[in-house]
Amino acid sequence: MTVAERLDTRLAALAEISAGGPGVTRPSFGALERDAHAQVAAWAAQDGARAETDPAGNTVLIYGEGEPYLLVGSHLDSVPEGGRYDGTVGVLAGMEAAASVASELELGMRVVIFSAEEGARFGRPCLGSELATGAAPDGLLDGLRDGEGRSAADVAHESGLRPEACPPWLRAPEVAAYLEVHIEQGRVLERERVRLGVVDVIAGAARLEVELGGRPEHSGTTPMDDRLDALTAAAEVVLEVERIGREARHGVATVGRLDVHPNSVTTVPGGVRLVVDVRDVDAGRQDEAAAAVRAAITRIAGARGTPVEIRELASRAPVMLSAWPRLALAQACGEERLPFRVLPSGAGHDAAVVAHTAPSALLFVPTPNGRSHTPDEACRTEDVAVACAVVARALRRLDRDARGVADPDLTTTTPEG
Ligand code: GLV
Ligand code: MN
Ligand code: MN
C-alpha cells in the first residue's frame, strides 16, 4: 500500500467517527474525540509504537524511546460539521514520518495528538497543548462553558479525563523540536500552484464572550417602544464587529456563535450570549481591534439601556515560529526539489502554543477549494504523502543538528575567500 493509499483509508475510517449530520463532528473533550485517539493508537501499535495518554487527554505515540526527542503531531477534535482533514492530516502524516525515520535517529521520536484544539466548543482553543506545556492558568477549564452551559472540566471528567492533574510534560530540553503538518485552510498555495507552505507566523486570537440582557415578554402585546430586546442589540453588535473586521486590513473579526434565550417565536428575546473572534498576525493591531469591539459593545448597550457583560475567553498574541525547524523544513523541500512558499497562518494551531516551550514549525499542504471548517473541506492525499517525505527529511536533519553533527551540505561546500 502506498502512503497516499494508507492515508486515504485512515482518513475515511476517522471520518466515520463522527456525530450525525454532514461532515465531521468530533467535539473537544467528548467521547468521539477519545474514540478517534484510540483508533489512531491502535494503528500506531501495528507500527510497534507504544501509546500513553496524559490526564488532559493528549495521546503520545512513542516511536523511538529516549530523551531528548523530536515531536510531531496535531489534533483529532473538530468543529461542528467540519471537514475530515483539519488536524487529522497532521496526526496521520506525523505517524508516517515518525515510523519511517525513528530507527535511524539518535534522538527519541514521538507523535502527539493534542486534545481540544478547536476553540469552537469552549471558545478558547488549544486546551490540550496549553495543559501539556503548563501554559493553562489554574482553574481554566472550570470557567469555560460550551453552548449547553457545561464546563470544559465537567465534559472532560465525563470522558474519564482529569485535566487538572495534567503535569507540564511538554518541555524543552526534553522536546528538541516540534513539527506540525496541517491543511492550509486558505487559498494561497492553490492559487500559486505551490505544493507546500512553510509558515512564518501564526495569527493570534482574542475571544470575547458577550452576554446581552433583555426583558422577555409577549411578542404580540408588548409595544415596540417599550421593549428591551437582547437580540436587536446583538444584531447591532454583529454588524459593528463585521465593520471593524473589514477595516482591519490584515485582520478579521467574526461573530460565529449566538445563543438566544428563550429562542421562542412569540417572546421578545430576553438574553443573548455571543462570542466575538478577533484575529491578526500583528499583536498591536489585534489589540486595537479587540479594544474597538469592546468600545462598540459598550456604546451599543449603553444607547439601548441593555445590560451587558463582556468576558475575555482567550487573548493569544500572534506567534513567530522558530528559525531552526523552519529552516529544516525549507531545506527538506529543497532536497525533494519541491518549490514551497513562506506564508502566514490565519488559523490557530497547537504549534503556536508549543512554540513558547520548544522550537516549533508548521508545514502546510494545499486546500484545493480553500475552504475549511465545512464538510466541503478538501485535500489531496498525494500532497500529504509529499509532506510526509519532507517531514521525514527534516526530522533527520534536526536529529543531526541537535547532536551537533556537521551538516553534510555545509561540509561539501567550498568556503569562499
Ligand atoms: C482552528 O481551527 C482555528 O479556529 O483557528
Ligand atoms: Mn486544525
Ligand atoms: Mn480547525
Side-chain angles (χ1 to χ4, degrees), residues 11 14-15 18 23-30 32-33 36-37 40 58 72-94 111-130 144 146 178-186 197 199 201-208 245 250-257 275-281 286 313-319 321 343-355 360-367 370-379 384 387:
L11 284 162
L14 287 173
S18 173
V24 173
T25 300
R26 269 197 303 271
S28 307
F29 285 143
L32 292 166
E33 184 189 43
H37 280 229
V40 168
N58 299 302
V72 292
S74 198
H75 64 96
L76 291 175
D77 59 325
S78 84
V79 301
E81 303 190 0
R84 61 167 66 182
Y85 304 103
D86 179 355
T88 317
V89 151
V91 170
L92 298 179
V111 175
V112 59
I113 312 166
F114 288 115
S115 58
E117 187 271 352
E118 295 289 357
R121 183 168 193 178
F122 299 109
R124 184 179 178 106
C126 301
L127 298 175
S129 49
E130 278 202 315
L144 297 174
D146 68 7
Y178 171 73
L179 300 182
E180 181 166 352
V181 177
H182 207 281
I183 54 168
E184 182 202 334
Q185 307 180 279
V199 174
V201 58
I202 299 179
R207 301 264 161 85
L208 301 174
H250 299 285
V252 289
T254 310
V255 176
R257 163 147 219 153
V275 182
V276 186
D277 177 19
V278 176
R279 309 202 198 198
D280 206 304
V281 289
Q286 182 175 297
L313 295 179
S315 176
R316 290 263 168 77
V319 172
L321 293 172
L343 78 176
S345 171
H349 297 285
D350 290 305
V353 173
V354 180
S360 299
L362 180 61
L363 184 69
F364 275 170
V365 294
T367 311
R371 306 187 59 210
S372 184
H373 284 187
T374 158
D376 298 344
E377 187 178 270
C379 172
V384 183

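Counting convention: from 1, in listed order, for ligands and their atoms alike. It should be emphasised that the depicted structure is a prediction, and the values quoted were computed from it without experimental measurement.
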### Query
Looking only at protein heavy atoms, which one is nearest to atom 1 (C) of ligand 1, and how far off is it?
Glu118 OE1, 3.4 Å
### Query
Heavy-atom contacts under 4.0 Å between Arg316 and ligand 1: side chain, backbone, both, or neither?
neither
### Query
Hey, does Gln185 have a side-chain heavy atom less than 4.5 Å from the side chain of Asp86?
yes
### Message
So Leu11 and Val89, do their side chains get closer than 4.5 Å, heavy atoms only?
### Response
yes
### Query
Is Glu118 salt-bridged to Arg124, cutoff N-O under 4.0 Å?
no
#### Entry: His373 near the Mn ion (ligand 3): N/O/S under 2.8 Å
yes
### Message
Below 4.0 Å from ligand 1: does a non-hydrogen atom of His349 turn up there or not?
### Response
no
### Message
If we set the cut-off at 4.0 Å for heavy atoms, which region of His373 has an atom near ligand 1: side chain, backbone, both, or neither?
### Response
side chain
### Task
Would you please test Glu130 and Arg316 for salt bridge (charged side-chain N to carboxylate O under 4.0 Å, His left out) and show each step?
CA-CA 12 Å; Glu130 278 202 315; Arg316 290 263 168 77; 2.7 Å; yes
### Angle subtended at the Mn ion (ligand 2) by NE2 of His75 and NE2 of His182, nearest 10°
120°
### Query
Restricting to N, O or S atoms of Glu118, which is nearest to the Mn ion (ligand 3)?
OE2
## Note on the structure
Counting from 1 in the order shown, the ligand 1 atoms closer than 4.0 Å to a non-hydrogen atom of Gly348 are 1 (C), 3 (C), 5 (O)
### Query
Has the side chain of Thr367 got a donor or acceptor atom that lies under 3.5 Å from a matching backbone atom of Glu184?
yes
### Message
For atom 3 (C) of ligand 1, which of the options Arg207, Arg279, Glu117 provides the nearest non-hydrogen atom?
### Response
Arg279
### Task
May I ask you to say whether Arg26 pairs ionically with Asp77, meaning some side-chain N is under 4.0 Å from a carboxylate O?
no
### Query
Does the ring center of Phe364 lie less than 6.0 Å from the ring center of His349?
yes
### Message
Closer than 4.0 Å to some heavy atom of Ala347 - which atoms of ligand 1 meet that?
### Response
5 (O)
### Message
Can a side-chain donor-acceptor contact be found between Thr25 and Glu81 if the only test is distance below 3.5 angstrom?
### Response
no
### Message
Which atom name would you report as the N, O or S atom of Asp86 nearest the Mn ion (ligand 2)?
### Response
OD1
